[in-house]
2 protein chains.
Amino acid sequence: MMDTTVRQSCDSCPIRHRAVCARCESDELQELERIKYYRTHEAGHPICWAGDDMTFVASVVKGAATLSQTMEDGRTQMVGLLLPSDFIGRPGRTTMAYDVTAASDVTLCCFRRKPFEKMLATTPHIGERLLDMTLDELDAAREWMLILGRKTAREKIASLLSIVARRELAIGMGFTGASKGMTIDLPLTREAMADYLGLTLETVSRQISALKREGIIVLHGKRQIEIPDMAALMRQTGDEVTA
Amino acid sequence: MMDTTVRQSCDSCPIRHRAVCARCESDELQELERIKYYRTHEAGHPICWAGDDMTFVASVVKGAATLSQTMEDGRTQMVGLLLPSDFIGRPGRTTMAYDVTAASDVTLCCFRRKPFEKMLATTPHIGERLLDMTLDELDAAREWMLILGRKTAREKIASLLSIVARRELAIGMGFTGASKGMTIDLPLTREAMADYLGLTLETVSRQISALKREGIIVLHGKRQIEIPDMAALMRQTGDEVTA
DNA sequence: CGCACCTTTGACTGGCCTCAAGAGACGTGG
DNA sequence: CCACGTCTCTTGAGGCCAGTCAAAGGTGCG
């Protein structure tokens, strides 16, 4: 389940300037270092379950994790896709509200909950950053609602690809080869994509095949997707291009 | 569009202890009073549009407002249902991201944005409360995602009714007549409900008729809905009853 | 009364789900 | 090296739920 527990300096941290600690001064970082530890989880393994007691909150350092809800008859809906710098957990709450799963190999920077909450109360830089990040997540959730409620299967797939492409560009992954094209690493199985989009895995597979057939995407293996022309993909999302 | 602009004391405010100002001390309230003003909007009228310049942020004092997104081909998805004490606007952002509409007659307590942001930076009580409220909204958004992505039309309707019932109970409206029954005032047209749930208004109408036919709800007029047995309604939501 | 708006109901269509089978990738062990 | 099992993904056939199109009923207001 958990693989390693190491400690590492914040100085060389890849998410130093995007995570919850982004606005901290060096003395505040030092205090954070005292309550933090690293954990890694293997792809496909659970990180924690809904209802679990939360002894920590954490930042995603590397990899991707998912938040999801499951109804008792098995229907599952993903409600969060956590990429590097995203925050796991809710200060002030002792139990996890969703299932958290490692979609790919994940490295977490964990903070013990109690001392973190104490710091949150005394360090405005952390609270301010957390508020900003939460507002961003709320915006993302609302964009997601439009996808779930109103978009067709094809538009859903295109929207997911463009969202991941946008995030990977922001983090500096997704090496852009040519001018307008790029390749993204999609850390999700077909089933996880279906859970994200409110579809079945068969429909996901069919739509990806269709996009491939039409040359809008090119598959390299199952999980690496080349987008030769980002504008062409965007035209499939149903979002206004105003072109 | 805007009907009245009056000022009113915080002391007698019905949302004093639930809104963004909930944790403020009396001196902080006095400062808030200086930058606040009331506005009312008639049912059905827009409060502002996506892209509008935001000169204020606000709390909903009375009535209900909706946040919604519209695609250029007209498909609309509601992404927020704002009831008394909910917050409108995002500190640090100058334009509104969504269309805001008065679902019923709405009274807003508006704060001029610039001075509010200044207070936010200097008054921890406000930022803390806003973080908590934003986290609550994020949870609500995620519950909503499950509804949009995985529930059937009937389950969606039942879920909406139970959500509104829960909120009205929390605020202290929704006079409970008997033991387990209650009556709720649904401030939404069929079309607004459809936009909330990712359905068409025809499907909403059909499902409400079905619930009425089966005695799970009783209509008094179009907008007032009696729920004789809350447990019976809950059983229609698809959520675990573990009964 | 006449009009506007919201709602209800019906008939039909279609997109996605369900059920099912098979293909491809990968690791294990004989 | 290949048989075998497992896991993921693909593809096909058919059915159903919700969408679409259409018309009529209700309610409130000038």
Side-chain angles (χ1 to χ4, degrees), chain A residues 42-45 71 73-77 101-104 147-160 185-214 217-225 236 238, chain B residues 42-45 66 71 73-77 101-105 147-160 185-214 217-225 236 238:
Chain A
E42 258 181 40
H45 288 224
M71 299 168 67
D73 63 4
R75 283 178 282 176
T76 297
Q77 176 65 52
T101 310
S104 59
I147 292 173
L148 288 173
R150 292 304 186 191
K151 290 195 177 180
T152 65
R154 157 175 286 245
E155 290 170 339
K156 285 179 173 180
I157 297 288
S159 297
L160 171 59
D185 231 338
L186 228 198
L188 303 178
T189 65
R190 297 286 181 266
E191 185 178 20
M193 295 173 67
D195 287 344
Y196 187 114
L197 299 170
L199 297 171
T200 60
L201 65 89
E202 294 95 325
T203 299
V204 170
S205 185
R206 273 186 257 271
Q207 294 297 334
I208 287 185
S209 296
L211 289 173
K212 184 175 64 179
R213 208 157 38 235
E214 297 168 28
I217 61 174
V218 181
L219 297 189
H220 301 289
K222 294 294 179 198
R223 302 281 172 82
Q224 211 174 63
I225 298 182
Q236 305 298 320
Chain B
E42 258 180 40
H45 288 224
T66 65
M71 299 167 68
D73 64 3
R75 283 177 282 176
T76 297
Q77 176 65 52
T101 310
S104 58
D105 288 351
I147 292 173
L148 287 173
R150 293 303 184 192
K151 290 195 177 180
T152 65
R154 156 176 287 246
E155 290 169 340
K156 285 178 173 182
I157 298 287
S159 297
L160 171 59
D185 230 339
L186 228 199
L188 303 177
T189 65
R190 297 288 180 265
E191 185 178 19
M193 295 173 66
D195 287 343
Y196 188 114
L197 298 170
L199 297 170
T200 59
L201 64 91
E202 293 96 328
T203 298
V204 170
S205 184
R206 272 187 258 270
Q207 294 297 333
I208 288 185
S209 295
L211 288 174
K212 185 175 63 178
R213 206 159 38 236
E214 296 169 30
I217 60 174
V218 181
L219 297 190
H220 301 288
K222 294 295 179 199
R223 301 282 172 81
Q224 210 175 63
I225 298 182
Q236 305 296 319

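Note that the structure is predicted; figures quoted are calculated from it, not measured. So that the names make sense, note that chain A is the first sequence line, chain B the second, and so on, each numbered from 1.
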Rounding to an integer number of Å, can you tell me how far [X] [atom1] sits from [N] [atom2]?
X      : N      : atom1 : atom2 : value
A:H45  : D:dC7  : NE2   : P     : 12 Å
B:Q77  : D:dG19 : CD    : C1'   : 15 Å
B:I225 : C:dT7  : CD1   : C1'   : 13 Å
A:R154 : C:dC16 : CZ    : P     : 11 Å
B:Q207 : C:dT9  : CD    : P     : 12 Å
A:K156 : C:dC16 : NZ    : C1'   : 9 Å

Counting N and O atoms only, with roles assigned by atom type, does the side chain of [X] sit under 3.5 Å from a partner on the main chain of [Y], one being a donor and the other an acceptor?
X      : Y      : value
A:R150 : B:T76  : yes
B:K151 : B:K156 : no
B:D73  : B:R75  : yes
B:Q77  : B:Y196 : yes
A:E155 : A:T152 : yes

Between B:L219 and A:T203, which is nearer to the 5' end of DNA chain C once each is assigned its nearest nucleotide?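 The residue whose closest nucleotide sits nearer the 5' end is B:L219.
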Most 5' of A:R150 and A:L188 on DNA chain D, judged by nearest nucleotide: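 Taking each residue's closest nucleotide, the earlier one in sequence belongs to A:L188.
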Looking for any heavy atom pair under 4.0 Å, which part of the strands does [X] touch: base, sugar-phosphate only, or nothing?
X      : value
B:L199 : sugar-phosphate
A:R223 : sugar-phosphate
B:G198 : sugar-phosphate
B:T189 : sugar-phosphate
B:S205 : base

Once hydrogens and angles are ignored, does a donor-acceptor distance under 3.5 Å link the base of D:dC9 to the side chain of A:E202?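 No, the side chain and the base share no sub-3.5 Å donor-acceptor pair.
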Indicate, yes or no, whether a donor-acceptor pair under 3.5 Å links the base of D:dT20 to the side chain of B:R206.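 Yes, a donor-acceptor pair under 3.5 Å.
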Between C:dC16, D:dC9, C:dT18, spot the one nearest the side chain of A:R190, thanks.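 Looking only at heavy atoms from C-beta outward on A:R190, the closest nucleotide is D:dC9.
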Which listed nucleotide (D:dA18, C:dT7, D:dT10) is nearest to the side chain of B:L201?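 The answer is C:dT7.
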Whether B:S209 contacts C:dT9 is assessed here as follows: a side-chain N or O lying under 4.0 Å from the phosphate OP1 or OP2. Is that the case?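 True: B:S209 side-chain N/O within range (under 4.0 Å) of C:dT9 OP1/OP2.
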